[in-house]
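Presented below is the structure to which this report refers.
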Amino acid sequence: MADHHQLSNFIWQIADLLRGSYRPPQYERVMLPMTVLRRFDCVLALTKPQVLKEYYKRKETFKDDALDAMLNKVAGQRFHNRSQLDFEQLKGDPDNIDQHLISYIKGFSKNVYDIFERFEFTAEIEKMR
């Protein structure tokens, strides 16, 4: 795992990329949601295949809260992501990252999706595009 200094340098490299569209006080509009998103991705990584399997098995039978509860149990968390995508796949297609990122966020359970709605992150994705 990266130490504090490496992590700090990495975050400032991202800030350097944002300088064209954003002023320093606006960096948080992107950096905070992306940090949260990456953390969720890491937490769910080990159970993602099982969640996807269960999702495709149950999506016609269960809907909304019932499906979310079932998939949360499979994920072993109070949230899950049923998108086929993960962070590695997002990085692998930079030409379509905006569409894929929005799709990935929509794949989260409602409680996590609501977090990104409050960040108004879709608007920021469009702005970055």
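- Considering CD of Glu124 and CG of Asp98, their distance stands at 13.5 Å, rounded to 0.5 Å.
- For Glu120, there are no side chain to side chain contact (heavy atoms under 4.5 Å, CB included) partners at least two apart in sequence or on another chain.
- To the nearest 0.5 Å, atoms CG (Asn96) and CG (Leu90) are separated by 11.0 Å.
- When the salt bridge (Lys or Arg N to Asp or Glu O under 4.0 Å) test is applied to Lys63, no partner is found at least two apart in sequence or on another chain.
- Between the OG1 atom of Thr122 and the CD atom of Glu117 there is a distance of 5.5 Å, given to the nearest 0.5 Å.
- Under the 4.5 Å side-chain heavy-atom criterion for Ile, Leu, Val, Met, Phe, Trp and Tyr, Leu32 and Ile105 are members of the same hydrophobic cluster.
- A continuous path of Ile, Leu, Val, Met, Phe, Trp and Tyr side chains, each step under 4.5 Å between heavy atoms, connects Phe62 with Val51, placing both in one hydrophobic cluster.
- Distance check, rounded to the nearest 0.5 Å: OG of Ser109 to CE of Met70 gives 14.5 Å.
- Annotation: salt bridge (Lys or Arg N to Asp or Glu O under 4.0 Å) contacts involving residues 35-47, sequence neighbours excluded, comprise Arg38-Asp41.
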Could you list the donor-acceptor pairs under 3.5 angstrom formed by side chains in residues 52-59, with sequence neighbours left out?
| unit_1 | atom_1 | unit_2 | atom_2 | d |
| --- | --- | --- | --- | --- |
| Glu54 | OE2 | Arg58 | NE | 2.7 |
| Tyr56 | OH | Gln84 | NE2 | 2.9 |

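- Take Tyr104 and apply the ring pair (Phe, Tyr, Trp, His ring centres under 6.0 Å) test, not counting sequence neighbours, and it matches Phe108.
- Asp93 pairs by the salt bridge (Lys or Arg N to Asp or Glu O under 4.0 Å) definition with nothing, not counting sequence neighbours.
- When the side chain to side chain contact (heavy atoms under 4.5 Å, CB included) test is applied to Gln50, the partners found at least two apart in sequence or on another chain are Thr47, Val74.
- For Arg78, there are no salt bridge (Lys or Arg N to Asp or Glu O under 4.0 Å) partners at least two apart in sequence or on another chain.
- For the ring pair (Phe, Tyr, Trp, His ring centres under 6.0 Å) condition, the pairs that include at least one residue of residues 63-97, sequence neighbours left out, are Phe40-Phe79.
- Between the Thr35 side chain and the Met31 main chain, a donor and an acceptor come within less than 3.5 Å of each other.
- Take Lys110 and apply the side chain to side chain donor-acceptor pair (under 3.5 Å) test, not counting sequence neighbours, and it matches Asp114.
- Across Met34 and Leu101, no two heavy atoms sit closer than the pair SD-CD2, 4.3 Å.
- Atom CD1 of Ile115 is separated from atom CG of Leu37 by 10.5 Å, given to the nearest 0.5 angstrom.
- Remark: Lys106 engages Ile102, Tyr113 in a side chain to side chain contact (heavy atoms under 4.5 Å, CB included) (not counting sequence neighbours).
- Partners of Asp68 according to the salt bridge (Lys or Arg N to Asp or Glu O under 4.0 Å) rule, which considers only residues two or more places apart in sequence or in another chain, are Arg82.
- Here CG of Leu44 is found 10.5 Å from CG of Asp86. Values are rounded to the nearest 0.5 Å.
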